[in-house]
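What follows is one structure encoded as structure tokens, with my remarks underneath.
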Amino acid sequence: MNDEEYRLRYLELTEGKDPLAMQHQAPVTLARLIAGAEDDALRRSPAPGKWSVAEIIGHLVDDEIVTSWRYRKMIEQPGCSLQSFDQEGWVCMGDLDSASPAEILQLFRLLRESNLRLLAKLSDSQWKSHGIHAERGRISVRDLVRHMAGHDINHIEQVEKILSSSAA
């Protein structure tokens with residue numbers, strides 16, 4: 001999928017829903033999905049070149065770090081440039097073998113809670129603050145919140161698929 005197809009998919013996944021509630025629920029859903037699974041199963045790639053469940057959760061950590069900075073940058077400097085990042089490279093740098101998948105998920109939950117606390121305090125004008133994303137163009141804080149909710153659902157669906165195929 002190209003960036004426009006992802007954008008439209010994320011909009012579809014969040015249509016008519018509260019993206020903040022969706023973001024709050026994502027770590028809870030992931031915790032439920034991985035509960036009781038062996039760490040080895042969560043670290044196993046479903047296919048060559050595909051992320052394992054642990055790597056998907058590690059990617060969510062990386063994206064939450066980047067998104068935290070993006071929110072703050074847009075609020076501080078509306079109209080700022082927002083760089084993309086090498087998600088494959090970041091997953092490799094994440095040293096996921098040094099932590100259990102549950103610990104990686106805990107980090108995601110803590111980072112997400114921090115961002116949700118920030119978002120809960122925003123004024124109307126701060127919600128409208130925007131940046132210019134290197135790949136997606138103009139995006140407001142509100143747009144990014146919705147994008148992240150769709151991003152969560154996309155990866156939760158991947159985790160569900162991986163876990164259901166490994167259980168079969």
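Keep in mind it's a predicted model, so treat the numbers as computed, not measured. Worth knowing before you read on, the calculation uses all heavy atoms, side chains too, and leaves out hydrogens, waters and symmetry mates.
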Discussion item. Please enumerate all residues that pass side-chain hydrogen bond (donor to acceptor under 3.5 Å, both in side chains) together with Q83, with sequence neighbours excluded.
Written reply: none
Worksheet entry | Partner set under side-chain hydrogen bond (donor to acceptor under 3.5 Å, both in side chains) for S123, not counting sequence neighbours | S125, Q126
Fill in: Verify same cluster id: L116, Y71 (apolar side-chain graph, 4.5 Å)
yes
Item to complete: Taking salt bridge (Lys or Arg N to Asp or Glu O under 4.0 Å) as the test, write out the residues that go with E38, two or more places apart.
Response: none
Practice prompt. List in chain and number order the residues that pass salt bridge (Lys or Arg N to Asp or Glu O under 4.0 Å) with R43, two or more places apart in sequence or in another chain; answer none if no residue qualifies.
Written response: D97
Fill in: Sequence neighbours excluded - ring-ring contact (aromatic ring centres under 6.0 Å, His included) pairs with any residue from residues 106-145
none
Worksheet, complete the sentence: For L82 and R70, the nearest pair of non-hydrogen atoms, with its separation, is CD2-CG, 4.0 Å
Practice prompt. Side-chain contact test, heavy atoms from C-beta onward, threshold under 4.5 Å: evaluate it for L122 versus L119 and give yes or no.
Written response: yes
Worksheet entry | E160: side-chain hydrogen bond (donor to acceptor under 3.5 Å, both in side chains) partners, not counting sequence neighbours | none
Fill in: Donor-acceptor pair, side chain of Q25 and main chain of M22, under 3.5 angstrom
no
Worksheet item: Quick one: side-chain contact (heavy atoms from CB on, under 4.5 Å) partners of P46, sequence neighbours excluded?
Response: K50, I162
Item to complete: Could you tell me which residues satisfy side-chain hydrogen bond (donor to acceptor under 3.5 Å, both in side chains) with R72, sequence neighbours excluded, listed by chain and number?
Response: S68, N115
Worksheet entry | Sequence-distant partners of E157, salt bridge (Lys or Arg N to Asp or Glu O under 4.0 Å), two or more places apart | R9
Worksheet entry | Residue pairs fulfilling salt bridge (charged side-chain N to carboxylate O under 4.0 Å, His left out) with at least one residue in residues 16-35, sequence neighbours excluded | none
Worksheet entry | Residue pairs passing the salt bridge (charged side-chain N to carboxylate O under 4.0 Å, His left out) test where at least one lies in residues 117-126, sequence neighbours excluded | none
Practice prompt. Write out all pairs satisfying side chain to side chain donor-acceptor pair (under 3.5 Å) with one or both partners inside residues 142-153, taking only residues at least two apart or from two chains.
Written response: T14-R146, E15-R146, H59-H151, D63-H151, R112-D152, S140-D143, H151-H155
Discussion item. Could you measure the distance from the CE atom of M148 to the OH atom of Y10? Nearest 0.5 Å is fine.
Written reply: 8.5 Å
